[in-house]
Amino acid sequence: MAERRYYRVAEHFFSIEAPTEMFAPLTNYDPFRVWDTPSDMCFQLSIGIEPIDMEQREHVFTDTSDEDLPRIEVYRIKQNWLFCIAISKDAPVCSRLLTTPDFRQAWLEIDTQMSHFAINNAAMLLYAFSTANLYTLEMHAAVAVRQGKGYLFLGKSGTGKSTHAQQWMKAFDDAWLLNDDNPIIRLYEDNGQSRLVVYGSPWSGKTPCYRNLSAEVGGIVKLAQAPHNEARRLKLPEAYAYILSSASGLKVVPEVMDALYLTISRIVQTTPVFALECLPDTDAAQVCWNAVTDKNN
């Protein structure tokens, strides 16, 4: 028997329809579940094991840019998009996601042994692409919150984002972890004033941290390992490039990328972005905190 459940992440709604038993391992979505049917949703995902007809598929590109992340093969089937996803660079495909051109309707064919992985990756892709035009970015980052502000730590896999976030927990009694891998940032503009808010999500990498909470962004920090601890504020072109490299997008869809470019250009004009060369110690957290809270930066 299938059922449809509704969720809200960063004030955007979506739904997942699946056989009831498939929801059992999806506990990471529970904090984000809503019980009333939303009037508008960014996407609706239907899950099954029926094969998707791929005879007319046309290969677009294969994303293997990061060996620690899943391999994603992208195809077109007429006007629709098809994503064939594997758990790693050399693993066999374990799920196929077919979407409408605007990513608002999608169907997922899965290997039932990999259902949790498949559903998570499908939902992450759909969320990123369907909300791009709503001043929303799905980021590859860790987020620590202190004194009511959220601080995003960016960097490639293995850079030490999670480690640095943990150093904040050790250095400051009032710091806490909002998300360890895939937070959402959303830009609000009211009466000419910009406000950037970071939200927790159901997707948090290796550290389970699924908090349906949010905080206004106090700063964004690009990390690099070094034999010292030193921070500096980035100029706009550097800041723009680092945020773009950490935001989820689909480069072959101009509408998605144009929306990301616009959002990032507005973010860097109002939100301080820093580079932190650091050691994996609590002194690095203190140096970072001093930089992001210095009114002269």
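Taking the six-membered ring wherever Trp is involved, the centroid distance between the rings of Y7 and Y29 falls below 6.0 Å. The ring of W203 has its center no closer than 6.0 angstrom to the ring center of Y210.
Side chain of Q286 to backbone of T282: no donor-acceptor contact under 3.5 angstrom is found. The backbone N or O of Q44 sits nowhere less than 3.5 Å from a side-chain atom of S15 that would complete a donor-acceptor pair. In this structure, the side chain of S246 does not engage the main chain of I243 through any donor-acceptor pair within 3.5 Å. Although no hydrogens or angles enter the test, the distance criterion places a donor-acceptor pair under 3.5 Å between the side chain of Q225 and the main chain of T159. Between the side chain of N212 and the backbone N or O of P31 there is at least one donor-acceptor pair closer than 3.5 Å. For T271 (side chain) and V268 (main-chain N/O), no donor-acceptor pair under 3.5 Å exists by modelled atom type.
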task: Would you please test E277 and R232 for salt bridge (charged side-chain N to carboxylate O under 4.0 Å, His left out) and show each step?
output: CA-CA 9 Å; E277 297 178 343; R232 65 180 177 89; 6.0 Å; no
task: Take K149 and E216, measure what salt bridge (charged side-chain N to carboxylate O under 4.0 Å, His left out) needs, and give me the verdict at the end.
output: CA-CA 5 Å; K149 301 282 188 178; E216 188 171 339; 3.7 Å; yes
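Residues D181 and H140 have side chains that bring a donor and an acceptor to within less than 3.5 angstrom of each other. The closest side-chain donor-acceptor pair between H59 and E73, if any, does not fall under 3.5 angstrom. With 3.5 Å as the limit, one finds a donor-acceptor pair spanning the side chains of T136 and H12. If you check the side chains of N28 and N120, you find a donor sitting under 3.5 Å from an acceptor. There is a side-chain donor-acceptor pair under 3.5 Å between S162 and D180.
At a threshold of 4.0 Å, the pair E3-R5 counts as salt-bridged, since one of the basic side-chain nitrogens sits closer than that to a carboxylate oxygen. The pair D40-R104 counts as a salt bridge, with a side-chain nitrogen and a carboxylate oxygen less than 4.0 angstrom apart.
Using the six-membered ring where Trp is involved, W168 and Y151 have ring planes that are tilted, between 30° and 60° apart.
Residues Y6, F13, V34 make up the rest of the hydrophobic cluster containing M41, defined by ILVMFWY side-chain heavy atoms closer than 4.5 Å, directly or through other members.
Residue pairs meeting the salt bridge (charged side-chain N to carboxylate O under 4.0 Å, His left out) criterion with at least one partner in residues 12-23, sequence neighbours excluded, are R4-E17.
By the 6.0 Å and 45° rule, K251 stacks over the aromatic ring of F61. The cationic atom of R195 (NZ for Lys, CZ for Arg) lies less than 6.0 Å from the six-membered ring centre of Y188 and within 45° of the ring axis. With W176 as the aromatic partner, R146 does not meet the cation-pi criteria of under 6.0 angstrom to the ring centre and within 45 degrees of the ring axis.
For R33, the salt bridge (Lys or Arg N to Asp or Glu O under 4.0 Å) test picks out no residue, with sequence neighbours left out.
Among L250, L98, N121, the single residue meeting the side chain to side chain contact (heavy atoms under 4.5 Å, CB included) criterion with F83 is L250.
In this structure, T207 OG1 and N179 CG are separated by 9.5 Å, a value rounded to the nearest 0.5 Å.
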